[in-house]
Amino acid sequence: MTPTHPAATVELLTDPDRAASVAEVAGATFPLACPPHAAAEDIAQFIATNLGEKNFRGYIADPDADVLVVRDGDDGPVIGYGLVLHGDPSNPVVAEIVPERPASEVSKMYVLPDHHARPGLSPSRALMEAALDRARDRGSVVVWLGVNQLNERAQKFYAKTGFTRAGVRTFDLGGSVEHDYVFTQKL
């Protein structure tokens, strides 16, 4: 017998007091996307510096950012999140790779591993559809994201959801320079 799951429910967070649940999922999922050679202390430092409750409170309050959460059903726990940033890319390499304006970045998109594959609309796909809708609502003509070159699972997911590889950027993880593919999707 195949277990059944309630439908994934995506919600835009507007209350900074709900940032802790996002930070918890961020701390659990970020290491899963890191390359195998990444040092555990560098990953932990990145989480502490960039993915804490204070960071998500700031994103929720920022008018140029959208924090989305996906729940396991209408009242279920947060099982994933996305962060969509609206505005020109700040990295000059990315600005060259993504010249279209206005642009939005899917800065973060993570779902707890026990919820990746499901029959019907998966939480990951529901979250991506909501992220693209937020970008369209802001008038963006293109969405971009970065993904580590060794994260083949994520790359396949992004390709299935309409993204194409457009270039390469670097990402500093605790002094280790990682190479990310830049994927784009025109809206």
Side-chain angles (χ1 to χ4, degrees), residues 10-14 16 19 22-23 25-27 29-35 38 43 46-47 49-70 78 80-111 123-173 177-187:
V10 179
E11 171 187 3
L12 172 67
L13 290 189
T14 57
V22 183
V25 172
T29 55
F30 180 75
L32 304 173
C34 292
I43 294 170
F46 184 88
I47 291 168
T49 303
N50 299 286
L51 300 175
E53 180 179 349
K54 181 179 177 183
N55 302 98
F56 285 104
R57 283 180 170 277
Y59 289 131
I60 293 167
D62 184 343
D64 291 323
D66 290 320
V67 177
L68 302 165
V69 294
V70 61
V78 173
Y81 78 99
L83 173 62
V84 185
L85 303 175
H86 308 285
D88 296 350
S90 59
N91 179 312
V93 172
V94 175
E96 230 177 89
I97 295 169
V98 185
E100 299 92 346
R101 300 290 181 269
S104 292
E105 173 191 8
V106 176
S107 174
K108 313 220 178 333
M109 179 157 296
Y110 296 97
V111 172
S124 301
R125 194 169 286 269
L127 195 55
M128 180 58 81
E129 286 180 10
L132 296 173
D133 286 345
R134 295 302 301 165
R136 280 186 201 93
D137 291 348
R138 293 293 188 104
S140 292
V141 296
V142 65
V143 174
W144 70 276
L145 57 86
V147 59
N148 189 276
Q149 290 181 355
L150 299 177
N151 191 342
E152 293 178 10
R153 179 185 178 112
Q155 291 173 48
K156 287 178 184 174
F157 171 73
Y158 296 136
K160 284 181 188 177
T161 57
F163 284 84
T164 57
R165 192 167 57 187
V168 177
R169 71 163 183 187
T170 57
F171 176 79
D172 185 326
L173 181 60
V177 177
E178 300 296 332
H179 298 279
D180 287 357
Y181 289 127
V182 174
F183 277 65
T184 61
Q185 182 176 145
K186 293 189 179 155
L187 298 176

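For the numbers below, each heavy atom of this structure counts, side chains included, while hydrogens, waters and symmetry mates do not. Not measured: the values here are computed from a predicted model.
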Identify the two heavy atoms, one from Gly80 and one from Val25, that lie closest to each other, and give their separation to 0.1 Å. CA-CG1, 4.0 Å
Residues in salt bridge (charged side-chain N to carboxylate O under 4.0 Å, His left out) contact with Asp62, at least two apart in sequence or another chain: none
Is Phe171 close to His179 at the side-chain level, that is, under 4.5 Å between some pair of heavy atoms? no
Answer yes or no: is there a side-chain heavy-atom contact under 4.5 Å between Val84 and Glu105? no
Within a radius of less than 6.0 Å around CD of Glu100, do more than 12 heavy atoms belonging to other residues, nucleotides or ligands occur? yes
Thr184 side chain reached by Val143 side chain, heavy atoms, under 4.5 Å: no
Minimum heavy-atom separation for Pro102 to Gly139, with atom names? CG-O, 3.2 Å
Separation between OG (Ser107) and CG (Asp66), nearest 0.5 Å, reads 12.0 Å
Grab the two heavy atoms, one from Thr14 and one from Ile60, that are nearest each other, plus how far apart they are. C-CG2, 3.6 Å
A side-chain contact here means heavy atoms from C-beta on lying under 4.5 Å apart; do Val168 and Asp180 qualify? no
Out of curiosity, Ile97 CD1 to Arg165 CZ, how far, rounded to the nearest 0.5 Å? 11.5 Å
Note, Tyr81 side chain near Phe56 side chain (heavy atom, < 4.5 Å): yes
Ignoring hydrogens and geometry, is there a side-chain-to-backbone donor-acceptor pair from Ser140 to Arg136 under 3.5 Å? no
Considering all heavy atoms of both residues, which atom of Glu178 and which atom of Pro35 are nearest to each other, and what is their separation? OE1-CG, 3.3 Å
Rounding to 0.5 Å, atoms NE2 (His86) and CG (Asp137) come to a distance of 8.5 Å
With side chain to side chain contact (heavy atoms under 4.5 Å, CB included) as the test, pick out the partner of Leu127 among Val106, Val70, Leu132, Val69. Val70
With a 4.5 Å heavy-atom cut-off, do Phe183 and Gln155 have their side chains touching? yes
Search all heavy atoms of Asn55 against all heavy atoms of Leu51 and return the closest pair with its distance. OD1-N, 3.4 Å
Between Arg134 and Leu12, is there a side-chain heavy-atom distance shorter than 4.5 Å? yes
What's the spacing between Glu96 CD and Asn91 CG if we round to 0.5 Å? 10.0 Å
With side chains defined as the heavy atoms from C-beta onward, is the minimum distance between Trp144 and Arg169 less than 4.5 Å? yes
Take Cys34 and Leu173 through the side-chain contact (heavy atoms from CB on, under 4.5 Å) test and state the conclusion after the steps. CA-CA 9 Å; Cys34 292; Leu173 181 60; 4.2 Å; yes
NZ/NE/NH1/NH2 to OD/OE distance under 4.0 Å, Arg125 and Glu129: no
Should Arg57 and Glu53 be marked as a salt bridge (charged side-chain N to carboxylate O under 4.0 Å, His left out) after you check the CA-CA gap, both sets of side-chain angles, and the distance that decides it? CA-CA 6 Å; Arg57 283 180 170 277; Glu53 180 179 349; 3.3 Å; yes
Approximate separation, where rounding is to 0.5 Å, of Leu13 CG and Tyr59 OH: 14.0 Å
For Gln185 and Thr161, the nearest pair of non-hydrogen atoms, with its separation, is NE2-O, 2.9 Å
For the atom pair CG (Asp64) and CZ (Arg138), what is the distance rounded to the nearest 0.5 Å? 6.0 Å
Check the orientation of Phe46 and Phe30. Use parallel for under 30°, tilted for 30 to 60°, and perpendicular for over 60°. parallel
